[in-house]
2 protein chains.
Amino acid sequence: MMRPTRNGAQLITNTQGSAPGTGPQPADFTDVRATNLAVVLRFVRENAPCSRADIAASTGLNKATVSSLVADLIDRRLLRETGLTENRVGRPATMLVLDGSPYAAVGIEVNVDYLTAVAVDLKGEALLSWRRSFPGGSASAGQAVAGIAGVARRVVTRMTKEARQVLGLTVAVPGLVDLTGSVRLAPNMGWRDVDLAGDLAKVLRDPGFPVLVDNDANLGALAELRFGPHGGVRDLVYLTGEIGVGAGIVLDGRLRRGGAGFSGEIGHIEIVPGGPPCHCGRRGCLEVVAGLGALLDRTVPGGVSPAELEPEIDEVVQRAEAGDPVVLDLLDTLAGNLGRGVGIVANLLNPEVVVLGGYYVKLAPWILARVEQEMLARTLAPGGGGCRLVVSGLGYGAAALGAAARVLDSVDSGRLPAPA
Amino acid sequence: MMRPTRNGAQLITNTQGSAPGTGPQPADFTDVRATNLAVVLRFVRENAPCSRADIAASTGLNKATVSSLVADLIDRRLLRETGLTENRVGRPATMLVLDGSPYAAVGIEVNVDYLTAVAVDLKGEALLSWRRSFPGGSASAGQAVAGIAGVARRVVTRMTKEARQVLGLTVAVPGLVDLTGSVRLAPNMGWRDVDLAGDLAKVLRDPGFPVLVDNDANLGALAELRFGPHGGVRDLVYLTGEIGVGAGIVLDGRLRRGGAGFSGEIGHIEIVPGGPPCHCGRRGCLEVVAGLGALLDRTVPGGVSPAELEPEIDEVVQRAEAGDPVVLDLLDTLAGNLGRGVGIVANLLNPEVVVLGGYYVKLAPWILARVEQEMLARTLAPGGGGCRLVVSGLGYGAAALGAAARVLDSVDSGRLPAPA
DNA sequence: GTTTGTTTGGTCGTTAGACGAACTAACTCT
DNA sequence: AGAGTTAGTTCGTCTAACGACCAAACAAAC
């Protein structure tokens, strides 16, 4: 068996929210420990059930070190010993799995018309999945905060009843979210400069876990990265197909949020110069030529109300299935425009995978081929630079799931709960 | 004085070219040491001259640890003690500076018509800057490799004569370079699948230093990051203004190359649907509506020969200075199109800075304002999300300088020369 | 000049934690 | 039963950061 190379790992140092301009943090022994604990945790996540010996062989860590790390993780109730292996030569191995029972990660997705809450255990398995209607578009920001906090509280009490400790809460918002978790602009919600993370922490008064806020597309990308069928992909772009279009950008294995946290605003890239007007005041934005709001405006007489997005999409699907030439033509045009947007992404970022999410999933049978064809035709690198176009399998709760995944990510990168 | 927080630094672990899919590398003590050596080295680079006590106070490392690390770096001839401080209360401090004398980092920029070689010392100060004409467009790849190797050899012997050890050589190429340093496609050079890094290493037969190859825009971005006046910027995009247009993308402090290394191909994003044809076979690419090759085709009668790019640009500048309305109009159109490209970048990546490089520098007086205006008008985030547009001050050797910076980067991130 | 205070930088002992080797445990196969 | 194999633990070693202390070298106050 090949011993893995050990050339230059990146230590986890306590640089969570380090000020920009702060150079690289110095490291000490606790960083080594944190790094290795995270390594073992992630290995078990990806290879459960597995033995201490497996971990040592695959990671290159010493057997003794692995034993110590595993004991630590068991103390923290992150791992659990399960049965022994049988029918094998040699001493049977005690297998290890993630302990699903003591913790929960909570994600809430805020939308114009509804609010989705999910909780998952350490393994990422769903514990709870709620969907409530929610007057996000019409309520004030304060009311919205109260509504979100109410749901969060109910989720937390439910988890507490199951004897689970909540490790964190992340809220997904469709809009520009800065790096502090403050919503700078969310047109569909009618929000501007709402310090959602701060307000929520205040309303939940000392919840005992971190409260984060991020963009829905970013969190959708995290959901795909963790729960999607893309083994070990390090460069991925997720596209939300809602009323608007947003992108979540993962490069080298991590979300890239840009200088202020506003990356991924692909929806307002100009695709058709002089094209139809967009609510943002410009013309020909990707959102108006490949977004679903604009599509429905053209297929549904009398315009689209955000609250009724899903049934209207279903109607489009039915008409497409029935072969309605008007709808098929609109979908083909949409696919062409979307393909041009994907082509831009492929040229500029060269991701391994672009995932179509949201309602694009339902429309995939009629748009996927054309989108891919346009993307390939527009990338300089042969074969799109290896970029694959796939359809999300996560359904509509992707951002909420990604919000929960965000919590698990912080655990995986070293923020472990204290031992009992 | 505030003690810096020490919460979660990222250790340098020996993961230079770790296989994709390989999880995070486990860490051991040597990683801690490497991380801290790099921290001290970088601190001195940014704060020279400074004392051991300064380093300890600012980094949070223990004084004893700093002494040990500094001794190690002095052994490796990376640091040097200089004089003592005077006229201060207390014991005078022995000041430390980067030792400029024993090492050199070499960068070579390959272009269609010329070849630029630079060498810098540890401080980044230029030791040598050559520019040779070079029949890159007409020669075969093999001849080109021989030519590059020849120049490299001369630089190395020159450095050796000055008693300097060459720490590495990086070659900048205008084209698609994969992650192994193989040139997949360089239209202007007429190259396809040339394993430049491998071939050079072979021709230089065991040069004793690593030979890397990267895209010219990527390396331009590194040059801006290290030598440009952008203090501590973590998200930056560099645009090359040559015959074509390329982008080098830095996010969270590091180059992001994409899954295959082909990121940054902004030149072949479709800006004007149905626009003028591009040599790549498509229409309306940024390159043909904002590239300098296309500009010169319209201003210089009889088309442009790549070998004469600079004088022709100078002629455009003269005509612009003279107020030639045709040229001014063309430049304004170019600026509008370029601004749309920059707007795409700002929306998608939200960099703190976009740097215009190459020959855009000479044209800046006539294009900068319009480019910025278009960029701001097209970004969803207010104020362009904080994105500043600046002109490079590095001149034409930016990619070569960045190639050398690439070598220094690898030193800064822990790849230190062995002690004497 | 003497004293006092301040700052630098080094020494020494402590400690965390990874590593290697040896060892024990528990099984299968012959 | 014995040989072979694999798992996991124990123990001693070693690296390197850390805290405390100390001597050196200066300025300022007296």
Side-chain angles (χ1 to χ4, degrees), chain A residues 1 3-4 6 9 11-14 25-40 49-75 79 81-96 414, chain B residues 1 3-4 6 9 11-14 25-40 49-75 79 81-96 414:
Chain A
M1 175 170 295
R3 167 86 187 261
R6 289 289 295 283
L11 290 197
I12 295 170
T13 36
N14 327 318
Q25 294 304 107
D28 62 15
F29 297 115
T30 65
D31 299 323
V32 175
R33 189 67 174 182
T35 302
N36 290 340
L37 284 169
V39 165
V40 171
C50 63
S51 69
R52 292 167 174 80
D54 294 337
I55 299 170
S58 298
T59 62
L61 287 163
N62 189 278
K63 282 197 303 172
T65 306
V66 170
S67 279
S68 158
L69 292 165
V70 165
D72 202 339
L73 292 171
I74 289 175
D75 273 357
L79 295 188
E81 290 187 338
T82 178
L84 302 180
T85 52
E86 288 171 24
N87 301 326
R88 281 197 340 194
V89 177
R91 172 176 166 178
T94 58
M95 301 309 264
L96 300 165
Chain B
M1 176 171 293
R3 166 88 188 258
R6 289 288 297 280
L11 290 197
I12 295 171
T13 36
N14 328 317
Q25 294 304 107
D28 62 15
F29 297 113
T30 65
D31 299 324
V32 175
R33 188 69 173 178
T35 301
N36 290 341
L37 284 168
V39 165
V40 171
C50 63
S51 69
R52 292 167 173 82
D54 294 337
I55 300 171
S58 299
T59 62
L61 285 163
N62 189 279
K63 283 195 303 171
T65 307
V66 170
S67 280
S68 157
L69 292 165
V70 166
D72 201 338
L73 292 171
I74 289 176
D75 272 357
L79 295 187
E81 290 187 340
T82 179
L84 302 181
T85 52
E86 288 170 25
N87 300 326
R88 280 195 341 192
V89 177
R91 171 176 168 178
T94 58
M95 301 310 264
L96 300 165

Encode nucleotides 21-30 of chain D as B, S and - characters from 5' to 3', where the letter depends on protein heavy atoms closer than 4.0 Å: B to the base, S only to sugar-phosphate, - to neither. --BBBBS---
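One interatomic measurement links the two molecules: CG of B:Leu37 to P of D:dA16, which rounds to 9 Å at whole-angstrom precision. Atom-to-atom, CG of A:Leu73 to P of C:dG17 comes out at 13 Å; the value is rounded to the nearest Å. Distance, B:Asp28 CG to C:dA16 P: 19 Å, rounded to whole Å. Rounded to whole Å, atom P of C:dG20 lies 11 Å from atom CG of A:Leu61. Taking atom CG on A:Asp72 and atom C1' on D:dG8, their separation rounds to 17 Å, with Å as the unit. A:Asp31 places its CG atom 11 Å from the P atom of D:dA17, with the value rounded to the nearest Å. For the pair A:Ile55 CD1 and D:dT9 P, the interatomic distance rounds to 11 Å; values are reported in whole Å.
Across every non-hydrogen atom of A:Asp31 and A:Pro26, the tightest pair is OD2-O, 3.8 Å. Between A:Leu96 and A:Ser51, the shortest heavy-atom contact is CD1-C, 4.4 Å. Nearest approach of B:Arg52 to B:Ser67, heavy atoms of both residues: CD-OG, 3.9 Å. Across all their heavy atoms, A:Ala38 and A:Gly414 have their closest contact at CB-N, 4.1 Å. Closest heavy-atom contact between B:Ala27 and A:Thr35: CB-CG2, 3.9 Å.
Distance check: A:Asp72 CG to A:Leu37 CG gives 5.0 Å after rounding to the nearest 0.5 Å.
Proximity of A:Thr94 to the phosphate of D:dG8: a side-chain N or O atom is located under 4.0 Å from OP1 or OP2. Here B:Ser67 does not reach the OP1 or OP2 of C:dG9: none of its side-chain N or O atoms lies under 4.0 Å away. At C:dG20, one or more side-chain N or O atoms of A:Asn62 fall inside 4.0 Å of OP1 or OP2 (strictly under the cut-off). Remark: B:Asn36 is not in phosphate contact with D:dA16, judged by side-chain N or O atoms under 4.0 Å from OP1 or OP2. Contact between the side-chain N/O atoms of B:Ser51 and the OP1/OP2 oxygens of C:dT7 is not found at any separation under 4.0 Å. Contact annotation: A:Arg33 side-chain N/O to C:dA18 OP1/OP2 distance is under 4.0 Å.
Here A:Ala53 lies in heavy-atom contact (under 4.0 Å) with sugar-phosphate atoms only.
Every side chain to side chain donor-acceptor pair (under 3.5 Å) that B:Ser68 has, sequence neighbours left out, goes to B:Arg33.
For A:Ala64 and A:Phe29, each mapped to the nucleotide of DNA chain C holding its nearest heavy atom, the one lying further toward the 5' end belongs to A:Phe29.
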